[in-house]
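Heads up, the thing below is written out as structure tokens.
Chain naming here is simple, since letters A, B, ... match the order of the sequence lines and numbering starts at 1 in each. Values below: all heavy atoms of this structure, side chains included; hydrogens, waters and symmetry mates excluded.
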Amino acid sequence: MRRTPLPGPRRAGVPELPEVEATRRGLLPYLVGRRIEHVSVLHPRVVRRQLRPTDFHDRLVGRTVLRLDRHGKFLLVRLDADLHWVTHLGMSGRLRIVGSNADLELHTRVSVGLGDANDLRFVDTRTFGFMTVWTDAELAESSLRRLGRDAFTDLPPSRELEAGLTNRTAPIKALLLDQRIVAGVGNIYADETLHRAAIAPLRAGGSLDGGEVKRLRAGIRASLAAGIAAGGTSLDDLAYLLPDGRAGSFLEQLRVYGREGESCRRCGGGIRRTVIRGRSSFWCSGCQT
DNA sequence: AACGATCCCTGTTGGC
DNA sequence: TGCCAACAGGGATCGT
């Protein structure tokens with residue numbers, strides 16, 4: 001008897017590009033123009049990639065937020081003094097805006113006082129996420145320089161995507177997750193993209209023809225846009241939530257992810273689950289070829 | 001260079 | 001009922 005591999009209903013909702021973008025949009029009115037009054041690091045592991053442990057606190061206090069950007073799954077808060085407050089939500093991170101006298105939610109890792117009676121709270125159960133404050137030079141030298149173009153705001157034309165896939169033998173699913181090719185697609189949206197494009201996840205990247213790459217590109221754009229419009233995917237209330245605490249509603253629109261054993265809404269075929277590079281991949285063997 | 005494996009971490013859950 | 005291994009996964013790192 002096979003162990004049931006179907007993830008239960010209480011899985012973590014892992015933030016990908018749409019979740020980070022929905023977070024960015026939700027934070028805009030609370031952050032832009034604000035001065036950072038105080039900074040409290042409650043779990044040191046979450047502040048990483050700083051030259052000195054005290055840099056995060058010391059660089060952040062007194063700064064003013066100029067604007068909020070995003071590259072792939074990284075949130076970039078631009079500050080005065082040419083500093084960059086960088087956040088990655090990891091697997092279980094979320095950013096919340098709460099009243100500054102609100103109790104600390106369980107697993108709160110960083111609390112930032114915004115000087116308007118609100119706090120920004122970084123809550124991250126598994127601490128795969130991180131925060132850091134970098135100078136221009138540090139940002140330029142950081143791992144972010146290896147990121148490909150943003151999968152939503154800067155999606156490369158098909159011709160360029162096709163060139164990047166030629167001679168690649170890895171499964172297209174694995175290549176979609178490679179942030180050096182295109183930045184922002186994670187496990188859920190990779191599966192949703194491949195279903196929209198009607199391409200099987202185990203196909204070698206280099207085996208896609210021009211028409212398939214065009215469908216792939218359209219699938220990336222459409223799945224990410226739909227995810228953003230829905231405020232992201234909240235699989236439960238323990239992981240990803242919007243900054244105001246509401247859940248994203250994309251879960252109900254998922255075409256394949258988490259639907260093993262259910263039927264494909266396009267062709268009626270059975271949705272399968274296959275492990276690719278150690279990640280669950282859900283796909284329809286009827287219409288994804 | 002490309003690819004795959006391993007590790008980090010914690011809450012939940014299936015199996016016994 | 002209680003214990004415990006398995007599982008989820010983004011990204012850094014390492015071996016081949």
Checklist entry - Starting at CD1 of I172(A) and ending at C1' of dA2(B), how long is that distance when rounded to a whole Å? => result 15 Å
Checklist outcome for this item: Rounded to whole Å, CG of L175(A) lies from C1' of dC3(B) at a distance of 10 Å
Checklist outcome for this item: Separation of dG10(C) atom P from R45(A) atom CZ, nearest Å, is 15 Å
Checklist entry - Are side-chain heavy atoms of R180(A) and L147(A) found at a separation under 4.5 Å? => result no
Grab the N/O contacts between the protein and nucleotides 12-16 of chain C below 3.5 Å, and write none if there aren't any.
unit_1, atom_1, unit_2, atom_2, d
dA12(C), OP1, R49(A), NH1, 3.1
dA12(C), OP1, R49(A), NH2, 3.3
dA12(C), OP1, S143(A), OG, 2.9

Checklist entry - Just how far, in rounded Å, is P of dA5(B) from CG of L177(A)? => result 14 Å
Item to check | Residue pair S223(A) / H195(A), side-chain heavy-atom distance below 4.5 Å | outcome: no
Item to check | Candidates dA2(B), dC9(B), dA8(C) - which lies nearest the side chain of F128(A) | outcome: dC9(B)
Next on the checklist: Around atom CZ of R272(A), are there more than 12 heavy atoms from other residues, nucleotides or ligands closer than 6.0 Å?
Outcome noted: no
Next on the checklist: Just the rounded figure in Å: distance from P of dG10(C) to CG of L176(A).
Outcome noted: 12 Å
Checklist entry - To the nearest Å, how far apart are R279(A) CZ and dC7(B) C1'? => result 11 Å
Checklist entry - Taking only side-chain nitrogens and oxygens of S280(A), does any of them come within less than 4.0 Å of OP1 or OP2 of dC7(C)? => result no
Checklist entry - Thinking salt bridges, do K173(A) and D191(A) make one under a 4.0 Å N-O criterion? => result yes
Item to check | Among R217(A), R203(A), R196(A), the one residue meeting salt bridge (charged side-chain N to carboxylate O under 4.0 Å, His left out) with E212(A) | outcome: R203(A)
Next on the checklist: Using heavy-atom distances to pick each residue's nearest nucleotide on DNA chain B, tell me which of R180(A) and R109(A) is more 5'.
Outcome noted: R180(A)
Checklist entry - Has the side chain of R168(A) got a donor or acceptor that lies under 3.5 Å from a partner of the other kind on the base of dA2(B)? => result no
Checklist entry - Within less than 4.0 Å of OP1 or OP2 of dT10(B), is there a side-chain N or O belonging to S92(A)? => result no
Checklist entry - Out of curiosity, does L75(A) fall in the hydrophobic cluster containing V98(A) (side-chain heavy atoms, cut-off under 4.5 Å, transitive links)? => result no
Checklist entry - Counting only side-chain N and O atoms of H88(A), is one of them less than 4.0 Å from OP1 or OP2 of dG10(C)? => result no
Item to check | NZ or CZ of R49(A) within 45° of F130(A) ring axis and under 6.0 Å | outcome: yes
Next on the checklist: How many whole angstroms separate atom CD of E16(A) from atom P of dA8(C)?
Outcome noted: 15 Å
Checklist entry - Taking only N and O in the side chain of Q179(A), is any of them less than 4.0 Å away from OP1 or OP2 of dG11(C)? => result yes
Item to check | Length of the line joining L106(A):CG and dG11(B):C1', which is rounded to integer Å | outcome: 10 Å
Checklist entry - Has R48(A) got a side-chain N or O lying under 4.0 Å from the OP1 or OP2 atom of dC9(B)? => result no
Item to check | Any H107(A) side-chain N or O less than 4.0 Å from OP1/OP2 of dG11(B) | outcome: yes
